[in-house]
There are 2 protein chains.
Amino acid sequence: MIMDSTDKKLLELLQKDAKMTTKALALTLNLSVTAVYERIKKLEREGIITKYVALLNRNTIQKGFVVFCHIKLIQHAKEYLTTFEREVGKLTEVLECFHVSGDYDYILKICVKDMEAYREFMVTKLTTLQHIGSTHSTFMIGEVKNSTAFVL
Amino acid sequence: MIMDSTDKKLLELLQKDAKMTTKALALTLNLSVTAVYERIKKLEREGIITKYVALLNRNTIQKGFVVFCHIKLIQHAKEYLTTFEREVGKLTEVLECFHVSGDYDYILKICVKDMEAYREFMVTKLTTLQHIGSTHSTFMIGEVKNSTAFVL
DNA sequence: ATTATTTTATTATTTAATTAGAATAAAAAT
DNA sequence: ATTTTTATTCTAATTAAATAATAAAATAAT
């Protein structure tokens with residue numbers, strides 16, 4: 001889809017605050033309410049905007065302990081990959097899982113309460129997954145930037 | 001704050017779809033509209049819900065090339081860390097940056113159009129930052145799971 | 001230049017968010 | 001045990017926003 005600078009500005013605004021009213025958006029974009037409304041509907045139809053979500057503060061819900069876990073599989077047969085991916089997708093502590101190139105096969109982002117909860121997770125869940133070769137845990141000690149908003 | 005199971009269910013619903021009307025929420029939670037409304041306002045006041053945002057599909061906006069970049073600084077004086085963090089925060093291609101324990105000091109998630117754009121980013125932006133010791137790029141080849149929603 | 005297509009604006013309608021006030025229930029104090 | 005306070009819920013009314021319908025303007029295609 002061909003996006004003009006108004007569409008981009010609109011997306012940047014909605015990525016920051018999805019609760020902005022079309023009226024407020026119209027005002028900052030110098031358009032009418034309907035014009036904004038139609039543009040948003042189009043961006044949704046085209047699959048550019050995928051969803052609207054509430055973001056929570058990890059620390060207030062006992063999920064402040066963040067770990068990046070690098071995982072290597074024992075083998076790389078397609079069946080091994082898909083089995084692992086299906087199983088890891090079910091683990092609620094794993095918020096993100098990316099298949100990557102390089103020294104490791106997967107990078108996981110895991111959010112739990114504390115180190116004890118992480119130990120429990122490792123022992124009872126992660127390391128019981130099939131086909132896992134090795135894991136390497138890296139602990140977050142500070143959050144410099146954590147944005148869901150792309151700059152267009 | 002003490003959250004009951006209704007608060008948790010409410011948060012899970014809003015994390016999935018922030019556009020659900022209070023009426024629809026009230027229906028699924030077996031509460032009145034006002035009760036739901038008041039609970040949401042409280043969760044916002046308490047800083048548990050931090051914001052509502054639109055999520056975009058990377059691939060439709062020329063940001064489908066995702067790289068995890070592991071960075072080591074040359075030294076770890078506080079001034080070096082803060083300078084680096086301030087500068088990296090300004091880079092629009094860097095969506096996330098975490099200070100971590102272990103072999104590297106920082107893990108960055110970078111989203112750009114393609115490898116050429118990444119090369120350009122590395123040469124003109126990332127590697128020009130002060131105090132950088134080494135970088136190690138890991139390329140995303142598949143997205144298994146990428147959620148912003150905590151399971152409570 | 002003329003027609004077709006898309007985008008925008010105005011107005012009307014529907015739907016949802018918010019507020020007000022009363023009722024209920026839980027917690028703290030006497 | 002009983003009153004008082006506090007918090008949470010409900011129903012109903014109000015305010016505000018989203019959506020739809022229609023008309024006008026702008027853009028692209030012939």
Side-chain angles (χ1 to χ4, degrees), chain A residues 1-64 113 148-152, chain B residues 1-63 113 147-152:
Chain A
M1 175 190 161
I2 4 86
M3 283 196 286
D4 62 16
S5 62
T6 303
D7 287 315
K8 289 178 184 172
K9 192 82 223 301
L10 179 52
L11 286 175
E12 291 187 344
L13 290 167
L14 290 174
Q15 284 185 105
K16 283 208 195 81
D17 179 8
K19 279 282 159 72
M20 271 187 90
T21 62
T22 51
K23 194 176 176 181
L25 292 166
L27 225 65
T28 60
L29 296 173
N30 280 110
L31 278 176
S32 72
V33 168
T34 316
V36 171
Y37 179 77
E38 289 300 333
R39 277 172 184 264
I40 293 173
K41 289 298 145 192
K42 185 167 188 186
L43 291 165
E44 289 171 357
R45 267 199 316 276
E46 302 273 349
I48 293 170
I49 296 175
T50 56
K51 53 185 348 194
Y52 299 92
V53 302
L55 297 183
L56 309 188
N57 177 352
R58 265 201 296 281
N59 299 311
T60 65
I61 52 165
Q62 314 273 284
K63 298 284 187 185
K113 180 169 180 281
T148 56
F150 299 95
V151 178
L152 307 162
Chain B
M1 175 190 161
I2 2 85
M3 283 197 284
D4 62 14
S5 62
T6 304
D7 287 316
K8 289 177 184 173
K9 192 82 224 302
L10 179 53
L11 286 175
E12 292 188 342
L13 290 167
L14 290 174
Q15 284 185 105
K16 282 205 195 81
D17 179 10
K19 279 282 159 72
M20 271 187 89
T21 63
T22 50
K23 193 177 178 182
L25 291 166
L27 226 65
T28 60
L29 296 173
N30 281 110
L31 278 176
S32 71
V33 168
T34 313
V36 171
Y37 179 79
E38 289 301 335
R39 277 173 185 263
I40 293 173
K41 289 298 145 191
K42 185 167 188 185
L43 291 165
E44 290 170 357
R45 266 200 315 278
E46 301 273 348
I48 293 169
I49 296 175
T50 56
K51 52 185 350 194
Y52 300 92
V53 302
L55 298 182
L56 309 188
N57 176 351
R58 264 202 295 282
N59 299 310
T60 66
I61 53 164
Q62 315 275 283
K63 299 285 186 185
K113 180 168 180 281
S147 174
T148 56
F150 299 96
V151 178
L152 307 162

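- Within the structure, salt bridge (charged side-chain N to carboxylate O under 4.0 Å, His left out) pairs that include any residue of residues 2-14 of chain B comprise B:Asp4-B:Arg39, B:Asp7-B:Arg39 (at least two apart or interchain).
- Between the CD atom of B:Glu46 and the CE atom of B:Met3 there is a distance of 9.5 Å, given to the nearest 0.5 Å.
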Measure all distances between protein nitrogen or oxygen atoms and nitrogen or oxygen atoms of nucleotides 16-18 of chain C, and list the pairs falling under 3.5 Å.
from	atom 1	to	atom 2	distance (Å)
C:dA17	OP2	B:Thr22	N	3.0
C:dA17	OP2	B:Thr22	OG1	2.9
C:dT18	O5'	B:Tyr37	OH	3.1

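- Atom CD of A:Glu38 and atom C1' of D:dA20 are 9 Å apart (whole Å).
- The minimum heavy-atom distance linking A:Val33 with A:Ala26 is given by the pair N-CB, 3.9 Å.
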Which pairs would a plain distance check flag for residues 52-60 of chain B, meaning a side-chain donor or acceptor within less than 3.5 Å of a matching protein atom at least two apart in sequence or in another chain?
from	atom 1	to	atom 2	distance (Å)
B:Tyr52	OH	B:Glu44	OE2	2.6
B:Asn57	OD1	B:Asn59	N	3.0
B:Arg58	NH2	B:Glu143	OE1	2.1
B:Thr60	OG1	B:Asn57	O	2.7

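- Interatomic distance, CG of B:Leu29 versus OG of B:Ser5, reported as 9.5 Å (0.5 Å rounding).
- Within residues 3-17 of chain A, no residue has any heavy atom under 4.0 Å from DNA chain D.
- Between the C1' atom of C:dA25 and the CG atom of B:Leu31 lies a distance of 14 Å, rounded to the nearest Å.
- B:Leu29 has its CG atom 15 Å from the C1' atom of D:dT8, to the nearest Å.
- The side chain of A:Lys42 contributes no N or O atom lying less than 4.0 Å from OP1 or OP2 of C:dT6.
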Base-contact (B) and sugar-phosphate-only (S) positions in nucleotides 25-30 of chain D, heavy-atom cut-off under 4.0 Å, - elsewhere: ------
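- Straight-line distance from the CD1 atom of B:Ile2 to the C1' atom of D:dT6: 13 Å, rounded to whole Å.
- The CD1-P distance, from A:Ile40 to D:dA20, rounds to 14 Å in whole Å.
- A straight line from CZ of A:Arg39 to P of C:dT6 spans 15 Å, rounded to a whole angstrom.
- Under the side-chain hydrogen bond (donor to acceptor under 3.5 Å, both in side chains) criterion, no residue pair touches residues 14-24 of chain A, with sequence neighbours excluded.
- To the nearest 0.5 Å, the span separating CD1 on A:Ile48 from NZ on A:Lys42 amounts to 8.5 Å.
- Between B:Leu11 and the choices B:Thr6, B:Val151, B:Ile40, B:Leu43, the side chain to side chain contact (heavy atoms under 4.5 Å, CB included) rule is met once, by B:Leu43.
- Annotation: the terminal axes of the helix from C:dA1-D:dT30 to C:dT30-D:dA1 meet at 40°, where each axis is the rotation carrying the C1' atoms of four end pairs onto the next four (5 pairs per end, rounded to 10°).
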